[in-house]
Amino acid sequence: MALILKDKNEKKKNGHYLSGKEIRAIAKENRKVMNALEKKKHRKAAESEFTTQMKDDANILEIEDLHTYFFTDQGVVKAVNGVSFEVPKNATVGIVGESGCGKSVTSMSVMRLLQGPQGQIYSGSIRFKAADYKRDEKGNPVVVATAADGKQQYEIEEKVYDIAEMPIHEIHRIRGRQIAMIFQEPMTSLNPVFTIGEQLDEVTFIHTPGATKEMAKARSLEMLSLVGIAAPERVYASFPHELSGGMRQRVMISMALICNPRLIIADEPTTALDVTIQAQILELLQDLKKKMDGSILLITHDLGVIAEMADYVVVMYAGRVIERGTVSEIFHDPRHPYTIGLQKSKPTMDSDSDTLFNIPGNVPNPVNMPKHCYFKERCSKCTAKCSGEYPGMVQVSPTHFVACHLYDETKQGGDR
Amino acid sequence: MDEQIKNSADAPLLEVNHLRKTFPLKKSITGKVLSELVAVEDVSFTLRPGETLGIVGESGCGKTTLGRTILKLYPANGGQILFDGKDITNYTKAQMRPIRTDMQIIFQDPYSSLPPRSTVGDILSEPVLVHGIVPKNEVKDYVMDLMEKCGLRDYYYERYPHEFSGGQRQRICIARALSVKPRLVVCDEPVSALDVSIQAQIINLLKDLQRSMNLSYLFISHDLSVVKFISDKIGVMYLGAMMEFGTKKDIFDNPLHPYTKALFSAIPNPNPDVKMQRIVLKGDIPSPANPPSGCRFHTRCPHATELCKQQKPEYRECEPGHFAACHYAGKV
């Protein structure tokens, strides 16, 4: 008994132990914030409230100071805590990080797929350049011409939406149509009781007004053959369980491509697949990128996949971006101790060393993050400064940014 | 006496000859097997004390079944398993019991392989008490010592598995396997559920423990770079059969089988400047319940000929200690 009591006190000191009273207080506080955010999510808003301007016209997506929180009874989990990066047109941006670093939550925020009311975009902006119908004051699309069979053509214009500000019922303007997503586990993201064809056609029906059955089927078959499926007619009629993992992932990719999206978010597209199948899918994605006119946001924990696919790399750790730059900057000139450690700790096919470099310790607890740099406890290059404020982003080259106190003095492209 | 010790160090700890394991798919009313799935077919290798044998292959190639059959968690359907010179293939459970302390397993998923209602101390003491490794009054000290070796703090003794992260749990699994002082440890994908930075910690721990306790590992993984790092010998499996077997140097510097070559070239290289000439295999892995005729790999092989479709290639020694099952081993 004495031992248990001692243990409890120890936990309390460490901040891991919460009494029922404390939990209720946290829950009450959370409910207030969550209700306000939910209200904002479901509000009616005029289009002008969520249209904005891009900072740089060459970008398709700009994320600025994004905070996505999960309100749990143990405390607020800041899954994404001030993330900023941009996706240029026709480029592949890779987000890399360990599990729990917030890379998937970032993509879910862009798609507004967060599980409410606990998961909420707390602040920040996600600007996306969309090609949407021009709308009149009432919000109806402006008709340019009406064909003989009653089919209407609408005027299309470029608009910049702030996804974080959009009411949730307006999100269908973007989700699926302008931004498509490929999920990690193809088996759980396909519906087992519908055929592949029905699921593919549905995308066309939802996003193209006045689409006929024949149009939808033609488009689905076209996409299936585009992703390298040899017998599209057969796959069109089959159920998901009849296909192998690689085939299912191809179907997922074809589903994402149906609406000609400007941005594809691929969330660990090859993690559930074998190496030889992974090679096939990566080759397909690279091939498609050449064919389609769009950008890819690739999320993965595999540095090899990033090196092969991406043009720009964003390294995340514990909900923050710690380094970003072009792929050659990140792989040949990594600056942050975490990026360096991550690359050294992966055994490669060429190296012959006897022991692996390892980063000691674990990722910190996402509730009650410290004030100082989150990597401090695991870092080998700590200085006195690291106990202070969280380091800001330091620019080391026009495209290379790092959040570490080691580079504070050498601003603007200085040497190490 | 000295010579005897030398002999025992040289003798293989584990020898597997033509091992075969099948699972029945369909049975008649009388219990006769109508169709079966051949999970492991004709696998042979030897493992010496202190060595690591890496087994690589894609999902469904029978690598896990191989590991479990060697530990006699599944009964073998043919072939021979020699452990320390004794033929254990047909041993009963009672006969296996004293040998169990010599062979242990570490599972892939540290989240589902630890009992949630036991403390770390209980988990680690139980095998020690069951097998009587040390006298009862010394068990706690022994476990504490073991925990320190595996990088676990002493105050973890009273804690429960759910309080730990994946890497720490895998350390507990390793400590549990080593608590009975085994000589052979089957590591069934011990790092694939972990993050890269934690993977490196666990791999280094396994290497250190091997050195200090003279362990033999059968290291099963789908990650070639990890297998290359930890293994002395490597076996490449495809659809239940061994495709190529040899020392690390043989396999990596001079791969003979086209499947091994394709497997190596499929790994993404973490260097953006190296654009590898990929051998991308077409199609999917055939179902093991209905394997292709002739060479199992001919449906996806870029060099397949008529001969490959009809005749099964022999698993032969192409170079000293380097085996391959291909008609054109080394020629393509």
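First the proteins, then the strands, lettered A, B, ... as listed; each starts at 1.
- Residue A:Tyr338: no heavy atom, backbone or side chain, is found under 4.5 Å from chain B.
- The environment of B:Glu148 atom CD is sparse: at most 12 non-hydrogen atoms of other residues, nucleotides or ligands sit within 6.0 angstrom.
- Once rounded to the nearest 0.5 Å, the distance linking CG of A:Asp274 with CG of B:Leu263 reads 9.0 Å.
- Annotation: maximal heavy-atom pairing with chain A below 4.5 Å, among B:Gly151, B:Gly167, B:Gly60, B:Ser197, occurs at B:Ser197.
- From B:Glu58, atom CD reaches atom CD1 of A:Ile277 across 6.0 Å, with rounding to the nearest 0.5 Å.
- For the pair A:Val275 and B:Leu224, the minimum side-chain heavy-atom distance is 4.5 Å or more.
- In terms of modelled atom types and a separation under 3.5 Å, the side chain of B:Gln199 and the main chain of A:Ser345 share no donor-acceptor contact.
- Each of B:Asp284, B:Asp195, B:Leu281 has some count of heavy-atom pairs under 4.5 Å with chain A, and the biggest count is that of B:Asp195.
- Highest contact tally toward chain B, considering only A:Gly245, A:Ser244, A:Gly246, is held by A:Ser244 [criterion: heavy-atom pairs under 4.5 Å].
- At a 4.5 Å heavy-atom cutoff, the contact between B:Val196 and chain A is made by backbone and side-chain atoms alike.
- In this structure, the portion of B:Ser165 lying under 4.5 Å from any heavy atom of chain A is its side chain and not its backbone.
- By the neighbour-count criterion of 12 heavy atoms within 6.0 Å, atom OH of A:Tyr312 is sparsely surrounded, having that number or fewer from other residues, nucleotides or ligands.
- A:Glu308 and B:Pro268 get closest at one heavy-atom pair: OE1-CA, 3.6 Å.
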- Message: For B:Gln201 and A:Leu356: C-alpha separation, side-chain torsions, deciding distance, then whether side-chain contact (heavy atoms from CB on, under 4.5 Å) applies.
- Response: CA-CA 8 Å; B:Gln201 293 175 8; A:Leu356 275 178; over 6 Å; no
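- Of the atoms belonging to B:Ile203, it is side-chain heavy atoms, and not backbone ones, that fall under 4.5 Å from chain A.
- Taking a 6.0 Å sphere around CZ of B:Arg153, one finds it holds 12 or fewer heavy atoms contributed by other residues, nucleotides or ligands.
- Proximity to chain B (any heavy atom under 4.5 Å) is restricted, for A:Glu283, to the side chain, taken from C-beta onward.
- One distance of note links CD1 of B:Ile267 with OG1 of A:Thr276; it measures 11.0 Å at 0.5 Å rounding.
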